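Computed from a predicted model, the values in this text were never measured in an experiment. Reminder, nothing fancy here: chain letters follow the sequence lines and each chain counts from 1.
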Number of protein chains: 2
Amino acid sequence: MTDRAKARVTRHFWSSAKLPEGEKPHPAPISLVGGMPNHDFFPVKSIRIGISEKPFEDGYHEEAAVAYEPQPDSSFLVSQVASDPLEIDLKTGLQYGFTSGTKCLVDFTRDFVEKVWRPGYDEWSTMLTCGGSNGIDKVFDSFLSKGDSMLLEEFTFIPVLNSLANLGVHTVPVKLDFGPDKNFDFSANLKEVLENWDTLHPGKKKPKLLYTIPTGQNPLGVAQTTEHKKKILELAEEHDFVILEDEPYAYLNFQKVSETPKFDLTPQEFIDSLHGSYINLDTTGRVIRTETFSKVFAPGLRLGFLAGHKRVIQSCTQYSDLSSRAPSGISQILVNDTIRYMGGLDGWLKWIIKVRNEYLVRKNAFVKALLDTEAAKKGYLKVMDPECGMFVSSIVDFGKDNLEKGTELLKTRCAVNGVGVVYGGAMAVNYEFSKERTNFVRMAICYTGSTDLLVEAAARLSKSVLEVAAQLE
Amino acid sequence: MTDRAKARVTRHFWSSAKLPEGEKPHPAPISLVGGMPNHDFFPVKSIRIGISEKPFEDGYHEEAAVAYEPQPDSSFLVSQVASDPLEIDLKTGLQYGFTSGTKCLVDFTRDFVEKVWRPGYDEWSTMLTCGGSNGIDKVFDSFLSKGDSMLLEEFTFIPVLNSLANLGVHTVPVKLDFGPDKNFDFSANLKEVLENWDTLHPGKKKPKLLYTIPTGQNPLGVAQTTEHKKKILELAEEHDFVILEDEPYAYLNFQKVSETPKFDLTPQEFIDSLHGSYINLDTTGRVIRTETFSKVFAPGLRLGFLAGHKRVIQSCTQYSDLSSRAPSGISQILVNDTIRYMGGLDGWLKWIIKVRNEYLVRKNAFVKALLDTEAAKKGYLKVMDPECGMFVSSIVDFGKDNLEKGTELLKTRCAVNGVGVVYGGAMAVNYEFSKERTNFVRMAICYTGSTDLLVEAAARLSKSVLEVAAQLE
């Protein structure tokens with residue numbers, strides 16, 4: 001941990017008196033201590049929340065609907081004062097709260113991680129964050145000082161680079177091999193970086209942290225195998241770095257388009273089908289897992305959680321005390337009480353399965369449409385069928401010599417033909433390092449209102465690619 | 001601004017193509033760019049919010065109720081998709097949002113500041129924060145580097161010291177003169193610090209920032225006059241520092257207990273009755289104002305706003321991009337849509353007046369009860385009738401020689417007699433610097449459920465004080 005994080009002390013002004021021998025505290029004291037307004041000052045008396053029974057209720061794909069169980073009612077009331085300790089009522093949710101989150105929701109995240117990912121040691125805990133990126137920022141604060149080095153997949157979630165630049169951290173991209181038929185494994189490339197550190201990065205400190213998106217990698221959509229994770233963990237032990245696994249997409253896991261999709265999963269079958277976790281393989285507290293409610297509940301909540309060694313969680317909580325404070329209590333109400341209404345952990349998993357099923361339908365429809373395009377058939381478009389997540393990526397191959405020119409032309413054609421995609425180069429940690437591998441596009445399957453639009457988008461992309469190919473000839 | 005803040009750059013991966021001459025973008029593009037889930041993936045379909053017509057509806061003080069106008073209905077629906085651009089619907093509030101806040105709520109904060117505080121120049125703007133403390137943290141990030149110096153009132157809101165310690169900032173307390181009959185004015189003390197800087201703080205950089213709580217000062221409850229603010233602003237111009245005015249209590253302004261309370265205020269009369277603002281007197285963009293919805297709406301929202309020079313707001317937004325991101329969208333829904341339901345700016349001011357009226361009733365009841373105690377009549381308790389805010393403070397005078405011992409004994413007696421207060425020493429920036437002036441207690445009037453409890457608390461405090469006086473004799 002950084003000296004900064006270790007040295008952090010928090011001063012409070014709410015002292016409790018240590019009473020002399022023989023003196024007893026009053027049994028019903030009146031507190032005039034804190035600046036908390038009484039809940040009767042809040043202008044909101046009640047909130048009734050109407051719940052969806054499945055995503056896209058009217059346009060839900062019937063084939064994905066097998067896990068659907070109708071509820072007797074579809075709304076519930078959040079009252080000002082509730083007796084159920086598992087409910088966050090308005091009295092609690094609208095009041096000042098614990099920085100790490102309201103107890104019942106923190107307990108839920110712990111139960112969830114215990115059931116789904118089961119860390120390989122006992123001294124771990126969880127805390128709420130103001131969303132996935134805020135969790136990442138808190139972990140960076142705990143581990144990184146100016147001048148430190150840090151490992152990332154060479155194509156990654158770019159906003160983390162802004163935090164690292166701000167901290168003055170040296171970012172080191174690890175080369176990725178990918179393609180429609182390749183096994184995704186960057187352990188050999190990482191090993192090379194670490195074993196030749198002084199040659200490759202002269203004068204730089206050895207890396208302290210690896211940031212990785214193991215499942216539904218953004219932008220590539222691939223998932224690391226357990227074997228791969230074990231190899232990376234071994235390197236982490238040997239070269240003494242911490243692994244931050246960022247897992248927003250872990251629950252959107254797919255069968256390949258060539259396989260029969262499995263929709264009718266029980267919660268336990270669903271858990272067994274997931275791609276696993278570093279934290280499950282970790283026995284020494286070297287892994288921090290960050291999750292978000294953005295992808296399977298809603299992004300506007302700004303709510304996520306961290307799981308990791310107790311000391312790391314404590315350090316991140318201390319940083320929260322100075323920066324963000326507690327996540328929104330009203331966001332906590334919405335998540336906690338909705339999950340409780342859904343039936344707790346199992347009910348929440350059933351909702352996630354429904355979301356995952358809808359994504360699987362979308363993914364298959366889009367990948368099939370892409371594979372059926374003329375651009376794909378002619379070999380210009382090499383579609384990577386994702387194992388997980390919200391993105392389908394595809395290599396756009398105009399030949400090695402046309403790499404940069406092809407991308408520039410493609411940007412114009414896509415804008416003219418009306419399909420917005422992210423170009424590989426924009427997601428490179430270091431463009432020069434990755435240049436040869438930037439000829440791909442990332443396409444999000446999460447925002448469009450229907451699969452029909454995805455099919456139309458595939459046609460527009462194909463048209464654009466073919467127009468570029470013609471221009472280049 | 002700090003070099004760190006000035007050097008901050010944010011890299012995005014959402015490029016928009018610059019089209020060559022003659023090419024036109026598609027009129028209806030399909031975006032596969034961002035990882036935003038379609039709103040039909042959110043499990044919440046609607047939220048019905050039940051509104052209080054006045055604080056403490058059942059136990060509202062009739063004398064304070066003159067501003068009360070019954071509403072025809074007391075709930076409203078937040079729907080998934082709304083056509084009204086002034087409403088934040090679920091589609092927007094639960095989606096990823098702008099870091100500085102959703103447009104209609106940011107516009108509201110601007111209109112509010114314009115109407116109530118009218119800054120003295122044009123190049124100002126506002127942004128939302130994750131609560132008052134988060135706003136303060138963002139301003140600190142923009143202005144303070146390790147080794148910088150910063151001015152504070154010697155008794156202040158202690159949590160800010162944690163942020164400053166974390167940044168490695170040298171904190172300089174400014175001596176305050178206060179008491180039941182004193183005019184609160186620290187301009188002469190501040191002038192002395194600045195003019196004798198090198199003698200008083202040898203080797204330290206001249207201060208960059210003054211943090212002040214001008215209205216309802218925490219812990220003292222006093223309010224700075226416009227004349228006082230002008231003197232401080234002159235010093236700021238002369239010695240080149242920035243003023244951060246933290247104004248959570250600005251709207252809870254009181255008449256003295258000896259005056260007739262004014263309850264039946266129109267919004268404009270209420271505005272005219274407020275204690276003014278540094279930002280109103282500022283003509284050069286040297287003042288940043290931080291506000292929170294914690295005190296007049298609810299703390300659990302984690303929602304507040306900053307107002308200041310556009311460049312400062314931009315810098316704070318860039319820091320938000322790296323740290324907290326946007327405030328909770330669901331908190332924004334609750335505040336924006338409730339205010340809209342209340343009737344916009346005027347309706348919101350009417351609600352604030354109701355809250356202020358209830359605080360005024362509490363303040364008067366408590367101050368009267370304190371003044372009537374035997375401890376006060378015997379001269380041990382010197383009650384400061386606050387001009388504003390949530391706190392009543394009182395000097396506890398056991399004689400100069402008994403200052404520390406008296407406080408220690410009082411802690412025990414208060415715990416035994418059942419009244420929780422904050423002791424002055426706990427709110428000192430530097431205990432040694434302020435020791436002679438630490439013999440006061442701060443009492444919050446915001447949390448107890450009724451004025452009866454405040455009256456009982458006054459009796460318990462008096463009993464405790466008298467017991468200590470007897471022990472010391």
Discussion item. Show, in sequence, the C-alpha distance, side-chain angles and deciding distance for F297(B) and F41(A), and conclude whether the ring-ring contact (aromatic ring centres under 6.0 Å, His included) test is met.
Written reply: CA-CA 7 Å; F297(B) 199 114; F41(A) 279 113; over 10 Å; no
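With a 4.5 Å cut-off on non-hydrogen atoms, F366(B) touches chain A through its side chain but not through its backbone. Proximity to chain A is limited to the side chain of L454(B), based on heavy atoms less than 4.5 angstrom apart. When heavy atoms are compared at a cutoff of 4.5 Å, Y249(B) does not approach chain A at all. For F140(A), no part lies under 4.5 angstrom from a heavy atom of chain B. Contact annotation for I51(A): both backbone and side-chain heavy atoms come within less than 4.5 Å of a heavy atom of chain B. Proximity to chain A is absent for every atom of A165(B), based on heavy atoms less than 4.5 angstrom apart.
To the nearest 0.5 angstrom, S52(A) atom OG is 7.0 Å from D40(B) atom CG. Note that CG of L32(A) and OG1 of T448(B) are 7.0 Å apart. Values are rounded to the nearest 0.5 Å. Remark: L94(B) CG to L334(A) CG distance equals 6.5 Å, nearest 0.5 Å. The CG atom of L303(B) lies 11.5 Å from the CD1 atom of I330(A); values are rounded to the nearest 0.5 Å. Atom-to-atom distance recorded for R48(A):CZ and I49(B):CD1 is 13.5 Å, nearest 0.5 angstrom. With rounding to the nearest 0.5 angstrom, the CD atom of E23(A) is 4.5 Å from the CZ atom of R413(B).
Ranked by heavy-atom pairs under 4.5 Å with chain B, the list I333(A), V78(A), N417(A), L453(A) is led by N417(A). Counting heavy-atom pairs closer than 4.5 Å to chain B, the top-ranked of the candidates K295(A), M443(A), M36(A) is M36(A). When the candidates P55(B), S163(B), P37(B), C130(B) are compared by the number of heavy-atom contacts under 4.5 Å with chain A, P37(B) comes out ahead. Contact count against chain B (heavy-atom pairs under 4.5 Å) is highest for M427(A) among E358(A), Q80(A), M427(A). Per-residue heavy-atom pair counts under 4.5 Å with chain A were compared for P27(B), S31(B), P43(B), and the maximum is reached by P43(B). Comparing P29(B), S331(B), G329(B), S328(B) by heavy-atom pairs within less than 4.5 Å of chain A, the highest count is held by S328(B). Your options are I47(B), T102(B), V416(B), and the one with the most heavy-atom pairs under 4.5 Å with chain A is V416(B). Among R442(A), R460(A), Q318(A), E408(A), the residue making the largest number of heavy-atom pairs under 4.5 Å with chain B is R460(A). With chain A as partner, the option from M390(B), E456(B), H39(B), Q332(B) having the largest number of non-hydrogen pairs under 4.5 angstrom is M390(B). In terms of non-hydrogen atom pairs under 4.5 Å with chain B, the most contact-rich of G97(A), S294(A), G389(A) is S294(A). Heavy-atom pairs under 4.5 Å with chain B peak, among N134(A), I158(A), V422(A), at I158(A).
Contact between P299(A) and Q95(B) at its shortest, heavy atoms only, is CG-OE1, 3.5 Å. Among all heavy-atom pairs drawn from A298(B) and F42(A), the shortest one is CB-CD2, 3.6 Å. The two atoms that bring A457(A) and I30(B) nearest to each other are N-CD1, 3.7 Å, heavy atoms only. Shown here for A444(A) and V33(B), the closest heavy-atom pair between the two residues is CB-O, 4.1 Å.
C446(B) has its side chain out of reach of N38(A): every pair of non-hydrogen atoms, C-beta onward, lies at least 4.5 Å apart. Between E57(A) and K45(B), some side-chain heavy-atom pair lies under the 4.5 Å cut-off.
Applying the side chain to side chain donor-acceptor pair (under 3.5 Å) rule to T338(A) yields no partners; only residues at least two apart in sequence or on another chain are considered.
The neighbour count for Y447(B) OH, taken as heavy atoms of other residues, nucleotides or ligands under 6.0 Å away, does not exceed 12.
Using a 3.5 Å distance cut-off with no hydrogens or angles, the side chains of R4(B) and N166(A) do not pair a donor with an acceptor.
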Please output the side-chain donor-acceptor pairs of residues 320-327 of chain A that fall under 3.5 Å, not counting sequence neighbours, one pair per line with the distance.
from, atom 1, to, atom 2, distance (Å)
S320(A), OG, K138(A), NZ, 3.0
S320(A), OG, C316(A), O, 3.0
D321(A), OD1, T99(A), OG1, 2.6
S323(A), OG, Y319(A), O, 2.9
S324(A), OG, K138(A), NZ, 2.7
R325(A), NE, D321(A), O, 3.0
R325(A), NH1, S133(B), OG, 3.4
R325(A), NH2, S133(B), OG, 3.0

